[in-house]
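Before any comments, here is the structure.
Worth saying up front: this structure is predicted, and the values here are computed from it rather than measured.
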Amino acid sequence: AQSVTQLGSHVSVSEGALVLLRCNYSSSVPPYLFWYVQYPNQGLQLLLKYTSAATLVKGINGFEAEFKKSETSFHLTKPSAHMSDAAEYFCAVSEGTGFQKLVFGTGTRLLVSP
Amino acid sequence: EAGVAQSPRYKIIEKRQSVAFWCNPISGHATLYWYQQILGQGPKLLIQFQNNGVVDDSQLPKDRFSAERLKGVDSTLKIQPAKLEDSAVYLCASSLLGTGEALHFGNGTRLTVT
């Protein structure tokens, strides 16, 4: 069965600094991978997804992620953090066979200081 | 396009009482999901519908939880009787048919069991 590991429950950066949120996956078949963001008291919003096309995926709000099969990773980055990026980020994996079942990681809370 | 609608937004009940949540997915989305998100954790899939049929309910505590999706549109999730450990946010999501499709989430229902 597929699974996701997010390293670091909390990541703190200064405004303008690089954001790096780590995600490693486990899947027996080529996966689909997603990053979602959750603001307080809201549902999850899709940032970006990888579905076996380009390995470097660009998403909304300046975020991007790179699929690295050899490392089974799908880390999320943003060159320059903004205060509005403070939120909870979830990585998720879906195996590309049968009915789609999305499995989420435990999340990483991004804190941005001025 | 209208998003996924959920109600109520908040619910407080005592243990052993019953509660029901309602979800209206995005028009035309064949797949509907109910996730449970306990504070500090990632969402956990409870049940997945494809039109009005159940695809996956392997993690649904069937002795107390039930869900239905009549006519392949709206869905209700019920808990009877509730336990303290059921305190969580219940998220409804929908997606188009097919793998690799992103899930669209509602804002969730926050349940507190006292």
Side-chain angles (χ1 to χ4, degrees), chain A residues 1-10 21 23-25 27 29-54 57 59-60 65 67 74 87-109, chain B residues 2-10 21 23-26 29-51 53-60 88-112:
Chain A
Q2 69 270 40
S3 66
V4 163
T5 301
Q6 291 186 243
L7 294 176
S9 60
H10 292 79
L21 305 182
C23 172
N24 289 89
Y25 70 90
S27 176
V29 299
Y32 295 133
L33 294 159
F34 305 79
W35 274 101
Y36 283 83
V37 60
Q38 186 177 35
Y39 297 101
N41 297 317
Q42 294 186 24
L44 281 71
Q45 178 185 0
L46 180 71
L47 276 177
L48 48 82
K49 67 176 182 179
Y50 167 76
T51 56
S52 75
V57 181
I60 62 171
F67 172 70
F74 190 58
E88 188 92 21
Y89 291 80
F90 293 94
C91 183
V93 62
S94 172
E95 293 189 333
T97 58
F99 291 108
Q100 171 161 274
K101 177 180 177 179
L102 210 58
V103 176
F104 286 85
T106 52
T108 297
R109 181 167 297 279
Chain B
V4 176
Q6 288 189 249
S7 66
R9 285 284 277 132
Y10 305 92
F21 313 127
C23 173
N24 183 251
I26 292 174
H29 281 193
T31 311
L32 186 146
Y33 311 76
W34 283 102
Y35 281 85
Q36 179 193 56
Q37 186 177 21
I38 293 173
L39 186 65
Q41 299 181 19
K44 182 185 84 171
L45 179 67
L46 291 176
I47 189 167
Q48 178 178 345
F49 292 93
Q50 194 74 31
N51 296 309
V54 176
V55 171
D56 186 343
D57 63 357
S58 57
Q59 297 193 86
L60 186 74
V89 175
Y90 291 85
L91 294 164
C92 179
S94 68
S95 72
L96 292 169
L97 181 65
T99 56
E101 295 288 342
L103 273 62
H104 299 259
F105 284 84
N107 286 330
T109 295
R110 181 177 298 276
L111 174 67
T112 302

Exercise. Could you walk me through whether Q41(B) and T106(A) pass the side chain to side chain contact (heavy atoms under 4.5 Å, CB included) check?
Worked result: CA-CA 5 Å; Q41(B) 299 181 19; T106(A) 52; 5.7 Å; no
For this session: Say whether, by atom type as modelled, one donor and one acceptor occur between the side chain of R9(B) and the main chain of N41(A) under 3.5 angstrom.
Result: yes
Exercise. With a 4.5 angstrom heavy-atom cut-off, which part of Q37(B) approaches chain A: side chain, backbone, both or neither?
Worked result: side chain
Problem set entry | chain B contact via L46(A) - side chain, backbone, both or neither, heavy atoms under 4.5 Å | side chain
For this session: Please report the shortest heavy-atom distance between G43(A) and L91(B), naming the atom on each side.
Result: CA-CD2, 4.2 Å
Problem set entry | Region of L103(B) that comes under 4.5 Å of a non-hydrogen atom in chain A | both
Exercise. With a 4.5 angstrom heavy-atom cut-off, which part of S58(B) approaches chain A: side chain, backbone, both or neither?
Worked result: side chain
For this session: Decide if atom CG of L39(B) counts as having more than 12 heavy atoms of other residues, nucleotides or ligands within a radius under 6.0 Å.
Result: no
For this session: Before giving the answer on side chain to side chain contact (heavy atoms under 4.5 Å, CB included), spell out for L102(A) and Y35(B) the whole-Å C-alpha distance, their side-chain angles and the decisive distance to 0.1 Å.
Result: CA-CA 10 Å; L102(A) 210 58; Y35(B) 281 85; 3.4 Å; yes
Exercise. Who passes ring pair (Phe, Tyr, Trp, His ring centres under 6.0 Å) against F67(A), sequence neighbours left out?
Worked result: Y25(A), Y50(A)
Problem set entry | Partner set under ring pair (Phe, Tyr, Trp, His ring centres under 6.0 Å) for Y90(B), not counting sequence neighbours | F21(B)
Problem set entry | Distance (rounded to the nearest 0.5 Å) between N107(B) CG and Q38(A) CD | 9.5 Å
